[in-house]
Trainee: 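Quick one: the structure is below, questions incoming.
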Amino acid sequence: MTVRVGIGYDLHALVEGRPLVLGGVEVPYGRGLRGHSDADVLTHAVIDALLGAAALGTIGEHFPDTDPRFAGVSSLALLDETMRLVGAAGYRVVNVDSVVTAQEPRLRAHLGTMALTLAGRLGVDASCVGVKATSPEGLGAMGRREGIAAQAVAVLETRE
Ligand code: MG
């Protein structure tokens with residue numbers, strides 16, 4: 001059996017007039033993330049971790065922000081397509097871990113729902129998906145509430 005690990009990172013700006021979607025969950029907040037899709041920064045980091053583990057390229061290559069098909073699309077749909085690619089390459093998910101860096105809003109109450117939502121799309125039990133949140137302690141762009149960032153790692157194994 002072959003085991004592969006991948007890493008993903010993403011960052012989007014916070015703007016007025018957009019819903020805030022993280023891990024497929026809409027989080028109540030006065031602003032949301034700017035982007036071509038729903039700008040779900042956590043799901044984007046998970047997608048890049050999965051693609052990286054399978055050496056299948058990047059989210060930008062598979063889902064370019066110049067393609068009108070992906071305008072306003074739920075990033076969970078992009079995750080579904082990513083899982084199709086990962087499966088076609090002969091891999092399945094062992095586990096995923098992730099961390100969201102956000103000064104606001106407080107995310108703790110939503111982390112379990114995000115993990116459950118992502119696990120359903122990844123084809124694994126919720127116990128195989130970690131979603132954490134950390135405060136940037138007021139430092140830098142994230143600390144100034146200009147954006148939200150996410151990092152993820154994914155472990156894949158070859159299917160029997
Ligand atoms: Mg992104």
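The figures that follow rest on heavy atoms only: side chains count, while hydrogens, waters and symmetry mates do not. Order of listing sets the numbers, starting from 1, for every ligand and every atom in it.
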Trainee: Under 3.5 Å, is there a donor on one side chain and an acceptor on the other for H36 and D65?
Mentor: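 No - no donor-acceptor pair under 3.5 Å links their side chains.
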Trainee: Any non-hydrogen side-chain atom of S98 less than 4.5 Å from a side-chain atom of Q151?
Mentor: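 Result no, sub-4.5 Å side-chain heavy-atom pair not found.
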Trainee: Salt-bridge test for D38 and R18: reply yes if a basic N is under 4.0 Å from a carboxylate O, no otherwise.
Mentor: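 Judged by the 4.0 Å cut-off on N to carboxylate O distance, D38 and R18 do not form a salt bridge.
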Trainee: Side-chain donor-acceptor pairs under 3.5 Å in residues 19-33, sequence neighbours left out?
Mentor:
residue, atom, partner, partner atom, Å
Y29, OH, E104, OE1, 2.9
R31, NH2, R145, O, 2.7

Trainee: Ignoring hydrogens and geometry, is there a side-chain-to-backbone donor-acceptor pair from S75 to L78 under 3.5 Å?
Mentor: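 No, because the side chain of S75 does not come within donor-acceptor range (under 3.5 Å) of the backbone of L78.
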Trainee: Starting from the Mg ion (ligand 1), count all protein N, O or S atoms within a radius below 2.8 Å.
Mentor: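 Every protein N, O or S atom under 2.8 Å from the Mg ion (ligand 1) counted, the figure is 3.
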Trainee: Can you tell me if D48 uses its side chain to pair, donor with acceptor, with the backbone of I59 under 3.5 Å?
Mentor: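 Present.
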